[in-house]
Amino acid sequence: MRKSVVIGTRGSKLALWQANYIADCLRKQYPDLTVELKQITTMGDKILDVPLAKIGGKGLFTKELENEMLSGTIDLAVHSLKDMPTELPEGLTLAAITERIASGDALVSNHFSSLQALPKGARVGTSSLRRKAQLLAYRPDLIISDLRGNVDTRLKKLDDGEFDAIVLAAAGLKRLGWEKRIAEILDTKVCLPAVGQGALAIETRADDQTILDLLAFLNDEETRVTTTAERAFLRTVEGGCQVPVGVYGTVVGENQMQVEALIASLDGKVVVRDTLRGSFADAEILGIRLAKSLLARGGREIMISVGCMV
Ligand SMILES: NCc1[nH]cc(CCC(=O)O)c1CC(=O)O
């Protein structure tokens, strides 16, 4: 049994909330364990004025944490699963994926109660191509512009009148106590979430069995299987590319899951979507099959048109 562990985390309010949440879970489970936090700045925290889609690159929010883990200065890292690349560096693994508390995207507005209620030509802020494309597919009249920064910064920009509404992950708002600001959780028919949205990933060294055993209780099996399919889907379509992609896995019966996904053109004019069902044991295969199906039915043309495939 270890006497102490060091958790690595980014310094944003949301990241600290998440790391403290996991620290508290560990302290409750192991009253004799000393749990410390170490703050680490990532590239994604430094570059704040460039749209995420333009920075690209994998591991924007994870790489510095992973380097510290490999060198042993931290024992585990807490991430939003959504920010994790689909392939981990050699020697690291996901020890646990926590229960997803809110998977959807939320519309926040000071004047309007829903996406449908927004007036023609309303200004909507969002940080992701995935949200932008789906919002435009549903409401081509909206003026969507880029909105970066942490959750509080984004809310401030809305409050300052830069936008009529903004769209961000419901999970982040919930964790930071802003749930009451949510006007509407967007239906998955309107906006499919990002891979792993709403779940936390606990990353560790693959050969550190003591830590792996220590963290096993944090794992939520249903979230693990559904996000396994989601990550297999993304791994198959992406090739390190920024293209609007949404995917959402849910449990639909005993050992049965459903995965729904889409690939969209940047302007939302072309949307290719499909849904597959299968058993928990086939999570990985289901994600791969869904990706191949979308690519074959027009997804590949979208990828080629944005330069993601040749
Ligand atoms: N890309 C930043 C990021 N990473 C995780 C979350 C929210 C929490 C989550 O999805 O688990 C957010 C903010 C957002 O997209 O609004």
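Counting from 1, the numbers follow the sequence of the chain as shown. Quick caveat, the model's predicted, so the values are computed rather than measured. Atoms within a ligand are numbered from 1 in the order they appear, just like the ligands themselves.
Each of I74, D45, T9 was checked for a side chain to side chain contact (heavy atoms under 4.5 Å, CB included) with I40, and the lone residue meeting it is I74. No option in R100, K82, R235, R224 other than R100 meets the salt bridge (charged side-chain N to carboxylate O under 4.0 Å, His left out) test with E230. Shown are L200, L65, T42; of these, the side chain to side chain contact (heavy atoms under 4.5 Å, CB included) with H79 is made only by L65.
At a 4.0 Å heavy-atom cut-off, ligand 1 touches L168 through backbone and side chain alike. Counting heavy atoms closer than 4.0 Å to ligand 1, residue S80 contributes side-chain atoms (C-beta onward) but none from N, CA, C or O. Contacts between R130 and ligand 1 below 4.0 angstrom, taking non-hydrogen atoms only, are absent altogether.
A distance of 5.5 Å separates CD in E260 from OG1 in T188, rounded to the nearest 0.5 Å.
For the pair D282 and R289, the salt-bridge criterion is not met [side-chain N within less than 4.0 Å of a carboxylate O]. Between D267 and K132, no side-chain nitrogen of the basic residue sits less than 4.0 Å from a carboxylate oxygen of the acidic one, so the salt-bridge criterion is not met.
Atom 9 (C) of ligand 1 has its nearest heavy-atom neighbour, among A106, A201, G198, in G198.
Less than 4.0 angstrom separates some heavy atom of A169 from each of these atoms of ligand 1: 7 (C), 10 (O), 14 (C), 15 (O), 16 (O). Remark: ligand 1 atoms within the under-4.0 Å shell around heavy atoms of R175 are 8 (C), 9 (C), 11 (O).
The shortest N or O to N or O distance between R154 and ligand 1 is under 3.5 Å. By the 3.5 Å distance cut-off applied to N or O atoms, L14 is not counted among the residues near ligand 1. On a distance-only criterion, K82 and ligand 1 share at least one N/O pair closer than 3.5 Å. Taking any N or O of G172, backbone or side chain, none lies under 3.5 Å from an N or O belonging to ligand 1.
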Worksheet item: Between D159 and K156, does a salt bridge (Lys or Arg N to Asp or Glu O under 4.0 Å) hold up when you go through it step by step?
Response: CA-CA 5 Å; D159 294 343; K156 170 125 196 335; over 6 Å; no

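Within the structure, ligand 1 has R131 among the residues with a heavy atom less than 4.0 angstrom away.
Checking side-chain atoms of D164 against main-chain N and O of R123 turns up a donor-acceptor pair under 3.5 Å.
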